[in-house]
Amino acid sequence: MGEDEREPADDGAAVPDPDSDSDSRPNSDSDIDPTAIRSLAVAAEDVVDAFVYTRENPGTAVLRVTPPFHGRMRARLHVYRVDDTRATGAIQCAPADLLPDDVVDAYPTVAETEARLADEDAGDRDDRERIQIDRERIREAHTDALEDWRGRARDSILDSIVLGSDDGTRVDVKPLG
């Protein structure tokens with residue numbers, strides 16, 4: 001046998017099948033079963049960014065887990081306008097589901113910031129509606145309020161959630177960073 005005609009070594013390594021589909025679709029039913037997931041790793045900053053994005057923009061941001069599913073999974077930030085979970089088999093977690101209700105409810109709006117500044121400027125006066133607040137001052141105060149909220153939210157990621165599966169599987173949440 002010549003040098004170009006060597007027998008392949010049988011070292012037990014998997015050899016790719018040239019006729020197989022080489023995409024990353026799951027290989028078995030167990031790979032697409034979300035009940036296999038026991039814990040979900042999420043970057044705290046991704047949770048906060050997804051929440052803020054959804055509140056401030058026309059699209060929707062979620063934390064997304066894609067098959068094949070295993071015991072420990074990483075959820076990544078995903079922005080979409082059309083839900084493709086049926087086609088992809090992905091599971092999407094709304095960022096609000098990863099935060100306590102009191103943190104979600106405390107998200108600052110520009111209107112709330114403006115009202116707070118008007119109240120501070122008016123003091124005991126009864127003409128709060130007539131107080132004109134400088135737009136730059138509102139922007140700066142809202143930026144500060146939002147940064148404070150972001151810090152609180154990063155530190156408040158829930159310990160577990162019910163993952164978006166039919167049986168309502170509860171999984172542990174492991175914040176990263």
Side-chain angles (χ1 to χ4, degrees), residues 34-35 37-67 69 72-177:
T35 62
I37 302 171
R38 293 183 318 275
S39 67
L40 194 62
V42 296
E45 196 66 32
D46 284 355
V47 173
V48 173
D49 288 346
F51 185 88
V52 171
Y53 181 90
T54 299
R55 292 290 288 260
E56 304 292 335
N57 294 284
T60 301
V62 295
L63 285 297
R64 179 176 168 120
V65 182
T66 57
F69 298 124
R72 291 180 286 186
M73 294 295 296
R74 170 79 156 85
R76 298 191 184 276
L77 181 63
H78 178 72
V79 176
Y80 70 94
R81 291 185 189 262
V82 176
D83 185 354
D84 65 350
T85 54
R86 286 193 90 151
T88 63
I91 297 173
Q92 298 178 163
C93 301
D97 293 343
L98 293 158
L99 297 169
D101 290 341
D102 63 321
V103 172
V104 170
D105 294 342
Y107 183 77
T109 66
V110 174
E112 291 168 345
T113 301
E114 188 172 6
R116 180 178 51 81
L117 292 175
D119 285 347
E120 289 172 4
D121 287 354
D124 292 332
R125 294 172 36 184
D126 291 329
D127 58 353
R128 288 185 176 98
E129 302 85 40
R130 289 191 236 153
I131 300 292
Q132 291 291 329
I133 307 296
D134 175 32
R135 292 286 154 209
E136 183 63 20
R137 185 168 164 230
I138 293 169
R139 187 194 66 73
E140 288 173 2
H142 183 66
T143 298
D144 291 345
L146 190 54
E147 199 52 44
D148 289 346
W149 180 88
R150 290 176 70 90
R152 180 178 173 202
R154 277 190 301 270
D155 294 338
S156 300
I157 305 295
L158 295 174
D159 293 331
S160 68
I161 62 166
V162 174
L163 198 57
S165 59
D166 293 337
D167 72 348
T169 302
R170 182 162 289 281
V171 299
D172 293 332
V173 176
K174 308 292 183 185
L176 305 171

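All values derive from a computational prediction rather than experimental measurement.
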Would you call Leu176 and Arg74 a side-chain contact if the rule is heavy atoms closer than 4.5 Å? yes
When Val173 is tested against each of Ile161, Val47, Leu163 for side-chain contact (heavy atoms from CB on, under 4.5 Å), which residue passes? Ile161
Value rounded to 0.5 Å, distance of CD1 in Ile157 from CG in Asp46: 9.5 Å
Between Glu140 and Arg137, does any NZ, NE, NH1 or NH2 come within less than 4.0 Å of an OD or OE carboxylate oxygen? no
Contacts of Asp172 meeting side chain to side chain contact (heavy atoms under 4.5 Å, CB included) (sequence neighbours excluded), chain-then-number -> Ser39, Ser160, Lys174
From CZ (Arg139) to CD (Glu136), nearest 0.5 Å: 4.0 Å
So, Glu112 and Arg116, do they make that salt bridge, N to O below 4.0 Å? no
Under a 4.5 Å cut-off applied to non-hydrogen side-chain atoms, are Thr60 and Tyr53 in contact? no
What distance separates Leu63 CG from His78 NE2, expressed to the nearest 0.5 Å? 11.0 Å
Determine whether more than 12 heavy atoms belonging to other residues, nucleotides or ligands lie under 6.0 Å from atom CG of Asn57. yes
Working to the nearest 0.5 angstrom, can you tell me the gap between Glu114 CD and Asp119 CG? 11.0 Å
Heavy-atom distance under 4.5 Å between the side chains of Arg135 and Ile138, does that happen here? yes
Phe69 side chain reached by Thr35 side chain, heavy atoms, under 4.5 Å: no
To the nearest 0.5 Å, atom CZ of Arg154 lies from atom CD of Glu45 at 5.0 Å
Can you tell me how far apart CZ (Arg55) and CG (Leu146) are? Round to the nearest 0.5 Å. 10.5 Å
Can you give each donor-acceptor pair under 3.5 Å made by side-chain atoms of residues 89-106, sequence neighbours left out, with the distance rounded to 0.1 Å?
unit_1 : atom_1 : unit_2 : atom_2 : d
Gln92  : OE1    : Arg64  : NH1    : 3.3
Gln92  : NE2    : Tyr80  : OH     : 3.4
Asp102 : OD2    : Arg152 : NH2    : 2.9

